[in-house]
Participant: 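First the structure, which I've put down as structure tokens, then a few questions once you've had a look.
First the proteins, then the strands, lettered A, B, ... as listed; each starts at 1.
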There are 4 protein chains.
Amino acid sequence: MKGTEEVLNVDEPIRVALIGAGQMGLWHARSLAHDIEQAELAAVADPDEDAARRAAALAPGARWSAGPEAILSDPSLRAVVIASPDAAHAGLIERAAQAGKDIFCEKPLATDLAEADAALAAVATHGVKLQIGFQRRFDPAYQRAREVIAAGELGPVELAVATTRDPLEAGRPGLGRDAAIFIQTTIHDLDSLRFLTGLEVVQVYATGSYFGEGSAEEDEADTAAVVLRFQTGALATITNSWRTAYGYDVQVEVMGPLGKLQVGYDRQTAVRQFSAQGVCHDHVYWYIDRFGAAYRREMEHFVDCVARGVGPDVGGADARAAQALAEAAARSLREGRPIDVPPPSLAPVL
Amino acid sequence: MKGTEEVLNVDEPIRVALIGAGQMGLWHARSLAHDIEQAELAAVADPDEDAARRAAALAPGARWSAGPEAILSDPSLRAVVIASPDAAHAGLIERAAQAGKDIFCEKPLATDLAEADAALAAVATHGVKLQIGFQRRFDPAYQRAREVIAAGELGPVELAVATTRDPLEAGRPGLGRDAAIFIQTTIHDLDSLRFLTGLEVVQVYATGSYFGEGSAEEDEADTAAVVLRFQTGALATITNSWRTAYGYDVQVEVMGPLGKLQVGYDRQTAVRQFSAQGVCHDHVYWYIDRFGAAYRREMEHFVDCVARGVGPDVGGADARAAQALAEAAARSLREGRPIDVPPPSLAPVL
Amino acid sequence: MKGTEEVLNVDEPIRVALIGAGQMGLWHARSLAHDIEQAELAAVADPDEDAARRAAALAPGARWSAGPEAILSDPSLRAVVIASPDAAHAGLIERAAQAGKDIFCEKPLATDLAEADAALAAVATHGVKLQIGFQRRFDPAYQRAREVIAAGELGPVELAVATTRDPLEAGRPGLGRDAAIFIQTTIHDLDSLRFLTGLEVVQVYATGSYFGEGSAEEDEADTAAVVLRFQTGALATITNSWRTAYGYDVQVEVMGPLGKLQVGYDRQTAVRQFSAQGVCHDHVYWYIDRFGAAYRREMEHFVDCVARGVGPDVGGADARAAQALAEAAARSLREGRPIDVPPPSLAPVL
Amino acid sequence: MKGTEEVLNVDEPIRVALIGAGQMGLWHARSLAHDIEQAELAAVADPDEDAARRAAALAPGARWSAGPEAILSDPSLRAVVIASPDAAHAGLIERAAQAGKDIFCEKPLATDLAEADAALAAVATHGVKLQIGFQRRFDPAYQRAREVIAAGELGPVELAVATTRDPLEAGRPGLGRDAAIFIQTTIHDLDSLRFLTGLEVVQVYATGSYFGEGSAEEDEADTAAVVLRFQTGALATITNSWRTAYGYDVQVEVMGPLGKLQVGYDRQTAVRQFSAQGVCHDHVYWYIDRFGAAYRREMEHFVDCVARGVGPDVGGADARAAQALAEAAARSLREGRPIDVPPPSLAPVL
């Protein structure tokens with residue numbers, strides 16, 4: 001019997017470290033440990049030591065720590081995946097860039113645009129790769145939709161309607177600041193619409209309401225409605241909520257003069273039950289149910305880019321553009337008027 | 001063999017006249033002539049004499065004329081159905097009210113609020129009944145949705161998304177004025193959302209674009225996006241277009257903390273074809289395909305109200321409220337800012 | 001003002017009589033009285049005098065009686081619609097044919113093939129028109145499916161699956177004989193499959209079970225499964241039940257080497273409700289909900305054929321073919337083996 | 001930084017060998033190499049040496065060979081996965097059982113019942129575990145359906161309709177014998193229906209046709225229709241084809257007096273395209289698209305059973321029962337009559 005080592009010349013795997021081992025980080029850890037052959041999950045850091053240990057246990061030999069220092073100072077680690085709380089993203093990007101590591105960071109890039117620009121400057125200065133976790137870009141349905149639109153099958157886009165809603169049960173820590181819904185949730189729709197249409201937004205109108213328990217801070221919202229105007233005159237609406245009873249609800253529709261596309265589905269299990277009460281099926285409940293494979297595919301893309309030394313498809317410029325639109329939405333909510341947005345080409349060069 | 005005249009004491013039918021025998025008017029003529037036992041289509045007026053004659057031919061003995069004078073002066077006609085061009089609605093309502101006739105008028109009530117108020121004042125002065133053609137209120141799906149919401153099955157409404165789009169092929173004469181899309185099309189969504197949620201709108205933001213051929217008048221739009229804020233903080237978005245390739249597209253979704261409702265369907269014929277190219281079915285194309293039965297039912301309701309001497313479910317106050325919101329949308333488009341709307345209780349009493 | 005009588009030369013309507021004013025007969029009465037301009041509902045007979053009177057009341061001047069004699073002997077009545085209990089169909093066809101009247105008869109043609117042939121012989125002898133109530137042939141979805149298949153878009157048909165199920169609540173008087181389900185229910189699928197595929201059946205295998213209350217007669221079934229072999233080798237299965245909790249369930253699927261068609265839908269009202277319990281909608285419940293328009297259209301076709309003096313699209317030959325297949329199914333159930341069926345061209349010439 | 005080896009006491013993985021590295025075997029190899037932590041893919045055998053090498057390359061250190069001897073004689077290998085051509089299954093089960101290895105074998109167990117019984121006798125004699133690859137039992141939709149039925153939510157099952165169809169493009173080597181479709185394809189429906197209903201079949205009627213190119217052997221079929229009668233009188237139909245243009249088509253419907261369940265879906269990608277030609281989406285094309293996760297989960301179950309030393313949920317008795325029904329179907333086709341089947345309790349004890 002012959003051994004495979006005779007016939008294969010396997011590349012050294014990319015040693016990747018995870019910073020932040022919550023629900024999302026743990027999913028990325030699994031992808032790195034089990035699904036992506038090119039990668040090795042080599043280290044995990046999380047202030048919650050149990051979480052760090054649990055994620056590290058997924059890969060033989062992976063080490064763990066509470067803080068990120070041991071990771072950032074270990075030259076054998078080529079890349080880091082940042083899945084810490086949103087407020088820490090920008091600072092960790094800066095530190096990882098200074099340490100010369102390629103970076104995958106969960107969205108959002110930062111909690112405001114100044115922070116974002118500082119992080120992107122560090123990335124540029126140190127010449128590392130940066131990918132942002134806009135996982136929808138790796139979902140087959142979004143990719144197919146983009147292809148159809150780019151091929152002109154709808155004609156020029158005129159109108160779009162996007163929905164992202166999370167279950168009430170998921171809770172929302174927010175960012176300790178107003179209008180967090182735009183940075184945490186709307187940002188996915190802002191990026192998706194840029195991705196699908198290939199167009200840039202020139203004006204944002206946003207408003208929101210708070211229906212949760214207790215009294216809301218000024219401008220705090222758990223429900224939002226947004227209107228975008230693109231450079232071509234195309235319009236889009238976005239609605240967001242953190243309060244669904246029925247699950248995770250992500251849909252988008254894009255229309256041009258030749259037709260429209262609808263992206264999304266609502267059934268989780270392929271069963272429908274018919275009874276005297278009607279016809280019923282279940283609903284997608286968690287974001288992992290809808291986008292689990294896309295999270296794996298974005299991580300594969302990142303590891304592949306690191307291995308090949310090329311920049312990821314969804315990098316700093318896309319992250320900054322979505323961030324700028326989310327900020328404009330927050331400002332629109334505060335000021336009660338539509339906000340003009342400079343096109344990305346006029347934004348600070350990165 | 002026995003005759004039915006021995007056993008039945010049939011009431012005299014309501015003699016109804018039609019003013020305006022275009023596509024919509026002809027549909028109403030058919031309902032009156034064939035489907036509504038209580039009604040008799042007795043006269044038709046249309047400047048297009050062929051159209052008038054064709055509609056009158058649906059009912060034995062119905063008379064026709066080019067102008068509405070013969071109708072308005074004929075005391076045997078108890079009610080009129082106004083399906084003339086939008087710009088003529090308010091004036092005809094006034095004249096019919098002065099003539100003492102009960103009135104069914106296609107939406108919109110008027111082309112602006114001043115006209116609307118004049119028409120409603122005439123209705124009030126002369127004590128006639130007025131029903132406006134918001135046919136969705138007579139669609140079983142909208143009625144079921146309203147019941148579910150009113151029963152509290154969604155909890156208090158927090159968010160809604162409405163869509164009304166017409167085929168490009170349908171064309172659009174417009175009103176000879178800017179922002180006609182709000183008066184002609186958005187108005188259906190404005191009324192539907194009031195009907196479904198039972199809530200009043202306090203603020204409107206609207207914007208629009210023009211993608212049609214030729215150059216647009218200032219503020220002319222064939223594509224629109226609207227955000228509504230209701231008195232409770234609930235939010236809604238509306239998108240409208242006059243440019244679909246695929247047909248007539250009417251959908252609405254209403255969400256509260258206990259769930260959401262989706263109203264709408266897209267398939268016209270109950271056939272799906274599976275081939276190497278995928279799975280395909282047709283789409284509802286004309287508004288009559290979607291709401292033909294609702295148009296009949298609204299007319300039945302009108303005739304029944306006339307016969308019983310009671311006010312219709314959807315009368316002047318609802319028509320004025322939708323009109324005021326459509327006007328606010330047009331103003332928002334012109335001024336580029338959200339417009340506060342006084343609640344109907346603060347509007348001029350009718 | 002001008003009267004329509006000046007411009008129209010209206011034909012005399014066809015005077016039609018109804019025999020049997022149960023649920024189905026009442027629906028036909030409504031179509032004749034209100035929807036079909038060419039027809040006049042002139043007389044109704046039903047042993048249940050209240051039922052006869054109620055149906056006659058739909059049309060001014062219509063007369064009613066308990067027995068059919070007054071109808072059959074009235075030369076002013078040009079056509080009869082037979083919607084009496086199944087066991088009376090064949091006898092009434094014979095009598096109506098002898099009376100020289102064109103005949104629309106609800107399916108089945110007869111309760112056995114000998115009776116059917118006697119009835120068809122009378123129709124042939126007296127030269128009257130006969131249409132059988134296979135209303136699916138007048139449903140837009142079935143018509144579209146037939147066109148697609150006839151155009152070769154599926155290639156030669158290879159396989160089909162048909163379902164017809166009725167709500168338990170509808171009850172089933174049966175025919176006072178065994179295997180009534182094949183004559184009453186399966187016959188719709190037998191005709192549909194012939195209509196859709198354009199093929200003739202050469203072998204039938206059928207079996208059944210009885211799940212209702214009480215003890216079943218030998219060979220009585222309320223649940224059935226059937227396999228058909230067509231002349232080309234194409235195969236089809238049919239399942240039937242009289243015991244659904246969820247409503248009226250009619251679906252058919254036809255496959256060839258280039259694709260398949262699915263005909264059917266299950267939602268009645270265009271509303272879906274999303275909650276913590278999942279996503280639910282209602283189901284079509286009564287056959288009238290699914291095929292109400294098709295029943296009207298078949299009656300229009302009948303009246304139009306009578307007026308033009310031509311034979312209806314679905315006449316004696318089709319009725320006999322379906323009857324022969326239903327009989328073969330009953331015999332297969334009794335004998336526990338597949339039954340060969342002579343192609344219609346070898347059946348007694350009618 | 002701490003190593004995970006300090007905190008975890010990882011069990012030795014189960015060393016598993018793969019025999020047969022075609023499309024299905026390769027999928028299992030991936031699951032064993034990447035997805036199932038408890039397992040190690042340690043060896044692969046396939047007469048196609050390239051295929052063997054490619055599968056072995058998935059796991060570091062895995063060895064490969066053309067024949068199975070090296071695997072069967074290696075005591076370090078605890079379990080084998082048999083994914084060789086159908087005709088080799090039973091013989092390999094016997095040899096693996098003699099070698100003391102736990103066995104996962106793709107369906108079918110054997111190509112006839114005598115072979116199957118010999119294989120099962122070897123399994124019993126040597127006391128090894130056997131799991132058969134009825135992957136649908138590991139699909140969440142089938143599992144959910146079984147739970148609903150077992151909980152009595154449909155009432156006692158009365159009627160079922162099952163469909164399994166493969167794309168023409170997939171080709172079909174057959175078994176070098178007649179009626180192979182029942183052993184290769186129908187067997188999935190036979191097992192699914194037993195699994196879902198919990199009932200045993202007492203009679204089978206089957207027929208088939210051949211539409212492929214060239215002339216068919218006697219009794220060869222690429223299209224089949226089957227009727228099952230269960231011990232309770234419940235009935236089921238099955239249709240199978242190897243000739244779809246549109247993809248992989250697996251659906252099942254189970255009905256009782258309280259309702260029905262439909263299991264299945266047809267859309268692969270969550271996109272619908274609306275155009276002037278209608279509304280279209282893609283279709284599930286390959287069996288892996290529909291059941292990829294179920295194949296992984298059945299392998300996890302097998303490895304877990306091996307590790308825990310317990311018998312799998314779907315073992316020899318279920319495999320034999322489905323085999324006996326497939327044989328009865330083949331015999332029914334040959335003899336042109338329904339075939340009675342002894343209930344499994346009367347079958348040779350294993």
Participant: Between the side chains of Asp249(D) and Thr244(D), is a donor N or O closer than 3.5 angstrom to an acceptor N or O?
Facilitator: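 Not at all, the side chains of Asp249(D) and Thr244(D) share no donor-acceptor pair under 3.5 Å.
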Participant: Sequence neighbours left out, what passes side-chain contact (heavy atoms from CB on, under 4.5 Å) with Tyr285(D)? Give chain and number order.
Facilitator: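 By the side-chain contact (heavy atoms from CB on, under 4.5 Å) rule, Tyr285(D) matches Pro167(D), Glu169(D), Asp289(D).
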Participant: Using only atom types and a distance under 3.5 Å, with no angle test, would you say the side chain of Lys107(D) pairs donor to acceptor with the backbone of His188(D)?
Facilitator: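 No, because the side chain of Lys107(D) does not come within donor-acceptor range (under 3.5 Å) of the backbone of His188(D).
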Participant: Can you check whether Thr223(B)'s main-chain N or O pairs, donor with acceptor, with Trp242(B)'s side chain at less than 3.5 Å?
Facilitator: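 Checking the backbone N and O of Thr223(B) against the side chain of Trp242(B), no donor-acceptor pair under 3.5 Å is found.
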Participant: Please check this pair: side chain of Asp191(B) against backbone of Ala322(B), looking for a donor-acceptor N/O pair closer than 3.5 Å.
Facilitator: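 No.
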Participant: Between Trp27(B) and Gly292(B), which heavy-atom pair has the shortest distance, and what is it?
Facilitator: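 That closest heavy-atom pairing would be NE1-O, 3.2 Å.
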Participant: Give me the contact list for residues 251-272 of chain B versus chain D, heavy atoms only, anything under 4.5 Å, ordered by residue number.
Facilitator: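 So the qualifying residues are Asp266(B), Arg272(B).
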Participant: Looking at Gln143(B) and Arg137(B), would you say the former's side chain and the latter's main chain have a donor-acceptor pair under 3.5 Å?
Facilitator: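 Indeed, once roles are kept as given, a pair shorter than 3.5 Å links the two residues.
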Participant: Could you name the residues of residues 149-165 of chain B that have a heavy atom within less than 4.5 Å of a heavy atom in chain D?
Facilitator: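 Residues qualifying by a heavy atom under 4.5 Å from chain D are absent, so none.
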Participant: Report yes or no: do Tyr287(B) and Gln23(B) form a side-chain donor-acceptor pair below 3.5 Å?
Facilitator: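 Result is yes, a qualifying pair exists.
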Participant: Could you list the residues that satisfy ring pair (Phe, Tyr, Trp, His ring centres under 6.0 Å) with Phe134(B), not counting sequence neighbours?
Facilitator: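 Phe134(B) satisfies ring pair (Phe, Tyr, Trp, His ring centres under 6.0 Å) with no other residue.
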